[in-house]
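Numbered from 1 within each chain, the chains take letters A, B, ... in sequence-line order. All values derive from a computational prediction rather than experimental measurement.
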Number of protein chains: 2
Amino acid sequence: MGETIKNISKEQIISAAAKLFRQKGYASSSMRDIASSLHIEAASLYHHIKNKEEILEIICFSMAKRFLDAIAEVNDIYFNAEEKLRKAILFHVEIITEDIDKSAVFLREWRSLPDTFLQDFLRLRNQYESDFTRIIENGIEEDLFETTDKKFAVLSILSSVNWINEWYQTEGKMRPNEIAERISDFVMGGLRKKLVTDIHYRP
Amino acid sequence: MGETIKNISKEQIISAAAKLFRQKGYASSSMRDIASSLHIEAASLYHHIKNKEEILEIICFSMAKRFLDAIAEVNDIYFNAEEKLRKAILFHVEIITEDIDKSAVFLREWRSLPDTFLQDFLRLRNQYESDFTRIIENGIEEDLFETTDKKFAVLSILSSVNWINEWYQTEGKMRPNEIAERISDFVMGGLRKKLVTDIHYRP
DNA sequence: ATGTTTGCCTAACAATCGTTAGACAAAAAT
DNA sequence: ATTTTTGTCTAACGATTGTTAGGCAAACAT
């Protein structure tokens, strides 16, 4: 018969699970589904992982870490608020497009985390949001941005960036930096041609 | 003992289900969960509905109809593209805030629809998107809007509007029309103070 | 060469799932 | 007054769930 040893790694299990979780959702993906996508039996998974919830935890928290590390880097390096915002958006898009499966799980399936982990997770998510908000605040202080409601602006920006997870395809022709640029342009106010200030515009 | 007849309506079942589907997701909400939230037994549900999937179908398609009717009304009544866009956003926000449970299911849980219904559902969703896109196109023709990528603008707008489902609370102080106004303002380019044209700005 | 560890397997478990059958009482229709 | 319909119930079904126990062969350590 075939080899009995296939040496599946923990990372392979996580990736296979993420792919399924994205397609069918966490609750609808069984351990047998995950196992058979790796051509092993469900019981074999437990040699590598504690249980099903651990898989979800690892995906959600590793992605959270990536996002938080990215925005920390932005705040370390750049000073100008617009540069910061553009770079933050670029990093965000890059992280999402680098692994659409895991980022889909991060964005959608975190609700299935057990209660204690859910609280930690939401803390991290709030941290990320407030780091983003800080950038907008910087922009306002620098007299670059103008917005009535910071919180609102951040949520609009993040929702736009997160939405790319719904339609992005690796085979697609649009590269992450193109996507990030278009979102940035749009966010910076690209849609409307005539602003109030344009009333005074003289070429 | 107590009354044996409670006369639960189909709509009560749908609402109770929507509430649970929002909290725990479709797959993680059992028929017994739905039943016990109505103080009846699971088997009793089947006097009112065909099966579990039917509940999801009804929620998803009734919400889809609301959204499509709303944007059809916008296109019937208004002519100016900015008015259209603002009204379309207002209706969208109103529909979402009117029933956060059902709209959450519409936005998140449609993936669990059986294949045939899923295709119909996505057709309706694309219809809505292209109705929205048409408004942006109108705006460009009217020389009101300026955007490199229409599809992109629409997706950004819709994602921003849909995101309110994540944080909106009925008890919150913000009314739907306030929310719609802020989103509209933001979308119309409220964030950035200094545009390229502002280089030439002379007060 | 021998013993230990690793990585898979088969088999089974209790729990829970959606759903159906059939009984029974209240309400409505005749 | 009798029949029919309606809305619930209890009980059970087969399937599937996450998980555990225990076996066995390959790989590794000594």
* Let me know the distance between NE2 of B:H48 and C1' of D:dG7, rounded to the nearest Å. => 6 Å

* To do: If a protein heavy atom is under 4.0 Å from the base, mark B; if only from the sugar-phosphate, S; if neither, -; do that for nucleotides 13-23 of chain C going 5' to 3'.
  => ----BBBBB--

* Asked: Within this structure, what is the CD1-to-P distance between A:I34 and D:dT17, rounded to whole angstrom?
  -> 11 Å

* Asked: Whole-Å distance between D:dG7 P and B:L38 CG?
  -> 15 Å

* Structure fact -> Whole-Å distance, A:E41 CD to D:dT17 P, equals 14 Å

* Structure fact -> To the nearest 10 degrees, the angle between the two end axes of the helix from C:dA1-D:dT30 to C:dT30-D:dA1 (five pairs per end) comes to 10°

* How about B:V105 and B:M63: do any of their side-chain heavy atoms sit closer than 4.5 Å? -> no

* To do: Show your working on side-chain hydrogen bond (donor to acceptor under 3.5 Å, both in side chains) between A:N162 and A:S159 and close with a plain yes or no.
  => CA-CA 5 Å; A:N162 287 335; A:S159 64; over 6 Å; no

* Can you find a pair of side-chain heavy atoms, one from A:Y168 and one from A:V93, that are under 4.5 Å apart? -> no

* Asked: Salt bridge or not for A:K87 and A:E83, using N-O below 4.0 Å?
  -> no

* Asked: Can you say whether the rings of A:W110 and A:F121 are parallel (under 30°), tilted (30 to 60°) or perpendicular (over 60°)?
  -> parallel

* To do: Please assess A:E181 against A:N177 for the test side-chain hydrogen bond (donor to acceptor under 3.5 Å, both in side chains), listing each intermediate value before the final yes or no.
  => CA-CA 6 Å; A:E181 202 176 353; A:N177 61 331; 5.9 Å; no

* Whole Å only: how far is the CG atom of A:L45 from the P atom of C:dC9? -> 9 Å

* Starting at atom CG of A:N7, determine the distance to atom P of C:dT5, rounded to an integer number of angstrom. => 18 Å

* Structure fact -> Only residue of A:F106, A:F132, A:F91 satisfying ring pair (Phe, Tyr, Trp, His ring centres under 6.0 Å) with A:F67 is A:F106

* Residue among A:E137, A:E129, A:E141 satisfying salt bridge (Lys or Arg N to Asp or Glu O under 4.0 Å) with A:K150 -> A:E137

* B:H47 has an atom NE2; how far is it from atom P of D:dT6, in whole Å? -> 8 Å

* Tell me, please, whether B:Y26 has B:K52 positioned over its six-membered ring: NZ or CZ under 6.0 Å from the ring centre and within 45 degrees of its axis? => yes

* **A:S44 side chain near C:dG7 phosphate (N/O to OP1/OP2, under 4.0 Å)** => no

